[in-house]
Amino acid sequence: MRPVRLHDTATGALRELRPRDGRRVGIYACGPTVYGRIHVGNARPFVTFALLARFLRREGHEVTLVANVTDVNDKIYDAAARADPPMPSADLAREMTAAYVADTDGLGLGRPDHEPLASETIERIVELTGELIERGHAYAVQGDVFFRVRSDARYGWLSHRELDAMDQGEGLEGTQRKEHPLDFALWKAHKEGEDTAWDAPWGRGRPGWHIECSAMAEELLGLEFEIHGGGSDLVFPHHENEAAQTRCARGRELADIWMHNGMLQLGRDKMAKSIGNVAPLHGVLERWGRDTLIMFFVGAHYRQPVEFDDRALEEAAARVERVRDAGRRLVDGDSPADMAGHRDAFLDALAEDFNTAAALGHLFEWVREANRRGEGVGRSHLAQMLDVLALERLLDAAVREPGPEDHALVERRQAARGARDFAAADALRDELRTRGWEVRDGAQGAMLVPVE
RNA sequence: GGCGCCGUGGCGGAGUGGCUACGCAGCGGCCUGCAAAGCCGUUUACACCGGUUCGACUCCGGUCGGCGCCUCCA
């Protein structure tokens, strides 16, 4: 088990992962608000943290991965009301949650260990909110409950902001009921047109945006758990507020390391539903396949912003092919011991802030060395590396096996070649091509490789 | 404006105070009947200006440029 260091947004430094009880690692990765189908940008944290969990498990840690679904939110009310015909917001949330599960299933990374819903955590939310009021960190006004940011000396610590330095939109209506412009809602009183609400000591209503994560994370992972993650656009206010809520209610921090992935960009801008420049995940998977999409994601460090375009995906597809082609030359069993250095360097790179791009470099060094050695190299190292990236199936034998007719064509072609009748040989190769096979002549005879 | 991140070869993308990243594409070579795959070699790398240092792409300062965030309600 090698030491793992991860970038912590709060300190801006790489910090060593220190699992509770030696090996228990809790990861909470913020999932989507379900008011529509998710896009590839939403898939980045899903992939990043699923792969991180895989890596840590293979290193011997007992990982619990939690990815929440926020299913109570203003945007959901809006979307449900605008649907044609308008529908109950709970129905839309349920529908979109199912779509989210189906879409992310397409990534072939399994499910997180827990996928809590805000709507099923109301009791914990109410309890947490009550605790904050009791401790003087929150106050109720006409059915709303606001968090008192001034009461938290560390507020701004995660996102490196000073309360007084922030641009505060003054003169807005709601602001007048708040003690401080940055105070945010823990609970929102029920309003006309909202079709979901729960009872609470300070009035009927529903949770604000941030409190559900504090409640769900604590419930499933406890306090001071190891890793809290999500997109970098969540640092402020979402994670800052989550951290403040738990700190003030419990007197302890919610999480130890705060990890944030960079944004996917689509033509200069961040991919976002609010901008409208989105590529839905299900469409991307349909067009490119999950192997290529995973290869695309691991090709860059998780913290870097990445441009999402055809060229990048085409290149990822080419990398996938290179690995597949190499895999066809390998044999079952152990890899040469003197090639283990590349495999170890691959894992070391992942242990240093989960640098999948650097790790991939080592993987390709291993591939080149294997290619150089030719036939008979055992595949175990490559299988181990690909397994961490959830790409182990690139080594699977072709899904399609050549049939007797294909074999017959190959034999006829070999005979033609033996007779130096190359026109006939090429015609047979073309015929195999139309049957979906690319012929590669090698020392051991011809090999059939499936073509798309 | 504030905070944070970043600016690497045709493209993508790691990394380091002095030593080959890696991948994609191109070109040349080897192999091959041809092709594919593969191997070898190769093309103006480190935004700009100062500074520190024996030595900086790699540290410090500045400039220019890019990106993210800067609550809720409405």
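Just so it is clear, the structure is predicted and the values come from calculations on it, not from any experiment. Chain A is the first sequence line, chain B the second, and so forth, proteins listed ahead of strands; every chain is numbered from 1.
Of the candidate nucleotides B:G68, B:C34, B:A36, B:G68 has the atom nearest to the side chain of A:D233. The side chain of A:F184 has B:U71 as its nearest neighbour among B:U71, B:C24, B:G33. Residue A:R417 has its side chain nearest to B:G33 when only B:G33, B:C22, B:A14 are considered. For A:R420, taking side-chain heavy atoms from C-beta onward, the closest of the listed nucleotides B:G4, B:U71, B:G33 is B:G33. Of the candidate nucleotides B:G33, B:C39, B:C73, B:G33 has the atom lying nearest to any side-chain atom of A:R413. You'll find that the side chain of A:A358 is closest to B:A14, out of B:G33, B:G4, B:A14. For A:K178, counting side-chain heavy atoms from C-beta on, the closest listed nucleotide (B:U71, B:C73, B:C3) is B:U71. Nearest nucleotide to the A:M263 side chain, out of B:G13, B:G68, B:G33: B:G68. The listed nucleotides are B:C3, B:G12, B:C6; the one nearest the side chain of A:Q304 is B:C6. Comparing atom distances between the A:R368 side chain and each of B:G33, B:G13, B:C22 picks out B:C22 as nearest.
Looking at which nucleotide of RNA chain B each of A:D441 and A:R311 is closest to, the 5′-most match is held by A:R311. When each of A:A423 and A:N371 is assigned the nucleotide of RNA chain B bearing its nearest heavy atom, the one mapping closer to the 5' terminus is A:A423.
No hydrogens or angles were tested; on distance alone, nothing pairs the side chain of A:D183 with the base of B:C72 as donor and acceptor under 3.5 Å. The base of B:C34 sits with one of its N or O atoms less than 3.5 Å from a complementary donor or acceptor on the side chain of A:R429.
Between the C1' atom of B:A21 and the CZ atom of A:F346 lies a distance of 15 Å, rounded to the nearest Å. Whole-Å rounding puts the A:D8 CG to B:G4 P distance at 14 Å. The separation between A:F422 atom CZ and B:U32 atom C1' is 10 Å, rounded to whole Å. Nucleotide B:G33 holds its C1' atom 15 Å from the CG atom of A:D430, rounded to whole Å. The CG atom of A:D348 sits 14 Å away from the P atom of B:U16 (whole-angstrom rounding). Protein atom CH2 of A:W209 is 8 Å distant from nucleotide atom P of B:C72, rounded to whole Å. If you take NE2 of A:H7 and P of B:G4, they are 11 Å apart, rounded to a whole angstrom. Rounded to a whole Å, the CZ atom of A:F308 is 17 Å from the C1' atom of B:G13.
In this entry B:A14 has no Watson-Crick or G-U wobble partner, no candidate having both defining distances under 3.5 Å. Across all strands shown, B:C73 forms no Watson-Crick or G-U wobble pair with both distances under 3.5 Å. The partner of B:C30, taking Watson-Crick or G-U wobble pairs whose two distances both stay under 3.5 Å, is B:G38. When both pairing distances are held under 3.5 Å, B:C46 makes no Watson-Crick or G-U pair with any nucleotide shown. Taking a pair to require two hydrogen-bonding distances under 3.5 Å in either a Watson-Crick or a G-U wobble arrangement, B:G68 pairs with B:C3.
Taking a cutoff of 4.0 Å between a charged side-chain nitrogen and a carboxylate oxygen, A:E369 and A:R373 qualify as a salt bridge. With respect to the salt-bridge test (charged N to carboxylate O, under 4.0 angstrom), the residues A:R324 and A:E321 qualify. Remark: A:K188 does not engage A:D144 in a salt bridge, criterion side-chain N to carboxylate O under 4.0 Å. Ionic pairing of A:R150 and A:E179 is not present here: no N-O contact between side-chain nitrogen and carboxylate oxygen is shorter than 4.0 angstrom. Salt bridge A:R435/A:E405: present, at least one basic N to carboxylate O contact under 4.0 Å. Ion pairing between a basic and an acidic side chain is recognised when a charged N comes within 4.0 Å of a carboxylate O; A:R433 and A:D426 show no such pairing. Between A:R250 and A:E127, at least one side-chain N (NZ, or NE/NH1/NH2) sits under 4.0 Å from a carboxylate O, which counts as a salt bridge.
Distance noted for atom C1' between B:G4 and B:U42: 40 Å (whole Å). One C1' atom belongs to B:G38, the other to B:C31, and the distance between them is 9 Å to the nearest Å. When the P atom is compared between B:A56 and B:G51, the two are found 11 Å apart, to the nearest whole Å. As rounded to the nearest Å, B:A21 and B:C46 have C1' atoms that lie 13 Å from one another. Atom P of B:U58 sits at a distance of 15 Å from the matching atom of B:U52, rounded to the whole Å. Taking atom C1' on both B:G66 and B:C72, the two are 30 Å apart, rounded to the nearest angstrom. Between B:G2 and B:G13, the two C1' atoms lie 31 Å apart (nearest whole Å). One C1' atom belongs to B:C22, the other to B:G62, and the distance between them is 34 Å to the nearest Å.
For B:C67, neither phosphate oxygen OP1 nor OP2 lies less than 4.0 angstrom from any side-chain nitrogen or oxygen of A:R303. Under 4.0 angstrom from either OP1 or OP2 of B:G15 there lies at least one side-chain N or O belonging to A:N355. The side chain of A:R322 places an N or O atom within less than 4.0 Å of a non-bridging phosphate oxygen (OP1 or OP2) of B:G23. Contact annotation: A:R372 reaches the phosphate of B:C40 (side-chain N/O to OP1 or OP2, under 4.0 Å).
When heavy atoms are screened at a 4.0 angstrom cut-off, A:V439 is found touching base atoms of the nucleic acid. No contact: A:N241 has no heavy atom under 4.0 Å from any strand. Within the 4.0 angstrom heavy-atom criterion, only backbone atoms of the sugar-phosphate kind lie near A:D325; the bases stay farther away. Looking at heavy-atom distances under 4.0 Å, A:A318 makes contact with sugar-phosphate atoms alone, never a base. A:H301 comes within 4.0 angstrom of the backbone, heavy atoms only, and of no base.
Residues A:H342 and A:H362 place their aromatic rings such that the two centres sit no closer than 6.0 Å. Ring centroid separation for the pair A:H228 and A:H239 comes in under the 6.0 Å cut-off.
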